[in-house]
Colleague: 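Could you have a look at this structure, given as C-alpha cells, before my questions?
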Amino acid sequence: MGTIPELVPARMVNEFAYCPRLFFLEWVQARWADNRDTVEGRWHHRAVDREGGRVPSPDDDDDIRRARSVLLSSDELGLVARVDVIEGDADGHVIPVDTKRGHPPDTPAGAWEPERVQVCVQGLLLRDAGYRCDQGVLYFAGARRRVVVDFDDELVDRTLGLLQELRAVAATDSAPPPLVDSPKCPRCSLVGICLPDETNMLSARSEARPRRLMPAASAARPLYVTEQGVYVGKKGGRLEVREDGDVVASVRLIDVSQVSVFGNIQVGTQAIRELFAREIPVCWFSYGGWFAGIAEGLPSKHVELRRRQVIVAGQGGLEIARIVVEGKIRNQRTFLRRNSRDRDDRVLDQLRDLASEAGDAVSVPSLLGIEGTAARLYFDHFPRMLRPEATLPGAPFRFDGRNRRPPLDAVNCLLGYCYSLLVKDLTVTALAVGFDPYLGFYHRPRFGRPALALDLAEEFRSLVADSVVLQVINNGEVGESDFVVRAGGVGLTSGGRKAVLAAYERRLDHEIRHPVFGYRITYRRVFEVQARLLAAHLLGEVPEYVTFVTR
Amino acid sequence: MADRTRFLVAYDIRDDGRLRQVAKCVEGYGNRLQYSVFLCDLSAVEMLRLRTELRDVIDHRVDSIAFVELGSPDSRGRHCFDFMGMRPQLPRTGGPTIV
C-alpha cells in the first residue's frame, strides 16, 4: 500500500464517479488517450482557461463579481480544483460555473452525477475558503445552456462518500475491474487501453461477446527511409526527407506512426524531439536490415506492469512460454495446410501433436526442443508453398537451422528481413503498452535480444512474416533482379527492399476476424490487443494469456 | 482506418506576419493546392486541433478562413476536382511512406 498524493483534482472525482477503473488508469497509472470528446472539451474551455477578474477574500469589503480560472485547494478536504468561472452577487453568495461540452442530458437532475459531483467539489472548496456557496452551475457549451446544481445534503454526502471510496481505491495496487456491458464504455477515451469487454469475457465476468469498442485506428503509418545519405528533418508540422538539399519526400507528422531508418541516414534533433513529443518512436536498422535500436520519449509510466513483468519472469514464465509456442506451432500448421501445393497430412498431424506437446511441456528446454522439431518440419515443407517457376538467386532454400548473416539463399534473406520488421513492430508495441521489451518469458534476456518482443512475435511469424515472403515471391513482387549475391551471401537491392516493405505494410492492414472476440480487426491492431491481453494477464485481470490462432 | 474527411481550406489574411504563421500551421495539416488554398484530410479530432491552432493566430476582425467539406478522400473528395491549366497532385490517402 503506497501513500497517495495529498490533493485530488476535482476532475478526478468526476472520473471516479463515472468509472473507478478510468480514475485509476488516469490518475494512479498516469495513462491518457485523447478522443473527440476530450479534444472538444479543451476547445470549449478556451475562454475560461485564462485567469481573469478580481477574487477578493471572503472578509474583504469588496465582492466577487466574475472571476475566471481560479485555483482553489484545501488540505482539510484533500482537494484541489481550478474553477472555470466564479460568479458572485452583492449578498456575498458565490457560484462556481463549470464549462462542459455538448448538451445537457435529458434527466430529472439536468446533468449526470459525475458532473454534479465535480461542481459540488468546487462548491465545497469555496465553502472551505470561507465563501457562502449553496449552488453551482454547469454551462453546456454546445447548447449554451446553464443547469443549476443545488448543493443539498444528499449531493454533499454523496460527494464526500465518493471521495472516501476514491482514496481507498487509489491506495490499492491494482485497477478496479472494468464495468460490465456498460453504455459508458463506447465514449470513454481510454477504452482501447482498458479493453473492458475483452477483459470481462476472458475473466468470465461476462458471457456476452465483446462489443467492437476499440477506437478507430489512427490513419498514421510508418515512414521508412532506405535511401542512403538522406537527411530527415522537421519543417513546421511536417517531416521532410532531403537529399543534397532537395526535398524528396514531405509527410505530415499526423500521418506518421513511427520512423524507421536503414543505414546511413541522419535524423535531425528538432525532428527527434518533435517525434518524442508526439509519442512516435524512431527505429534504426543497419543497411542490411538488422534491428539496431529504438528511441522514444520518456519511458512508460505504467510502473506496476513492469513490476509484475519482472516478478513473473523471475518465476520462470513457463506457463506463458507454453502458450506462446503452442500458438506458434498451430499457426505454422494452418499456414502449411492452406498454402501447400501438395499437402502432406502426415506433417500436419505431426505438427498438431507437437503443438499439444508444447502445451504440456514441463520446462523451457523441452519447449525449445519441441519448437525446434516443429520448425524443422515446417521449413522442410516451406518450399512446397512457393511457386515452382519463381527463379531466385543464391543456393536453393534449405532449412538447416535457417541461415543468416549473410543469408545464403533468397528465401532466408526475405525471411530474415521480415522477422526484423515484425520484431521491430512488436518492440514498439511492447514499449507503448508499458512493457520492458527485453524481459521475456520464453526467450531469455541474453545477447541484447528484445526477448519479450520475440515472445510476442512467435504467434505472428507465419501469419504475418512468412505470409509476406510467400506473397512477394508468388506474386512476382520481387524477382531475381531485386537481389545481389556477394561471396555466396544474398542481399536485397534498394528496389527489392521497398517492395518487401510495401507488402509487409499491406499485410498489417489486412483485416481478419478475431478468433476469440469475433470482431474484425487488422493485424496492426491485433499486435496491440495481444500485448494488452498479456499485460492484463500479468496484472491478474485475466487468468490466462490467449494467443492469436487462426483456423 | 481513422475516418478522415477531405476539407478545402482557403484563407485571406491581412497581415504578412500572421499570413506566414497561418501558412505554416496549415502546412502541418494539409497539402498546398494553390497559394492560399490547401487540401486537408483530417479526422474530427485533427480538424479540431487545426482550428484550435488557427484560432490563436488570426485577427478575428479582419482575417478570414474558409473550411469546405469535400467528403471522403477516396470518393467525392477526389472526384469533385476539375482543373484548367496545370494539374496539381491531390494528396495521396493512407499507406506507409517508403523513401
Colleague: For B:Asp15, does the CG atom have more than 12 heavy-atom neighbours from other residues, nucleotides or ligands under 6.0 Å away?
Modeller: yes
Colleague: Quick check: closest heavy atoms across B:Gly95 and A:Arg221, and the distance to 0.1 Å?
Modeller: O-CB, 3.3 Å
Colleague: Heavy-atom count around A:Arg273 CZ within 6.0 Å, excluding the residue itself: above 12?
Modeller: no
Colleague: Would you find a donor on one side and an acceptor on the other, under 3.5 Å apart, between the side chain of A:Arg238 and the backbone of B:Gly30?
Modeller: yes
Colleague: Minimum heavy-atom separation for B:Ile98 and A:Lys498, please, with both atom names.
Modeller: CG2-CG, 3.5 Å
Colleague: CD of A:Glu279: more than 12 outside heavy atoms within 6.0 angstrom?
Modeller: no
Colleague: Decide yes or no for B:Val99 and A:Glu243: does some side-chain heavy atom of the first lie under 4.5 Å from some side-chain heavy atom of the second?
Modeller: no
Colleague: Please check if the number of heavy atoms outside B:Arg14 that lie under 6.0 Å from its CZ is greater than 12.
Modeller: no
Colleague: Tell me, with the steps shown, if B:Asp41 and A:Arg252 meet side chain to side chain contact (heavy atoms under 4.5 Å, CB included).
Modeller: CA-CA 10 Å; B:Asp41 295 351; A:Arg252 301 185 297 175; 3.9 Å; yes
Colleague: Rounded at 0.5 Å granularity, tell me how far OH in B:Tyr29 sits from CG in A:Asp255.
Modeller: 12.0 Å
Colleague: Atom CZ of residue position B:Phe83 - does it have more than 12 heavy atoms of other residues, nucleotides or ligands inside 6.0 Å?
Modeller: yes
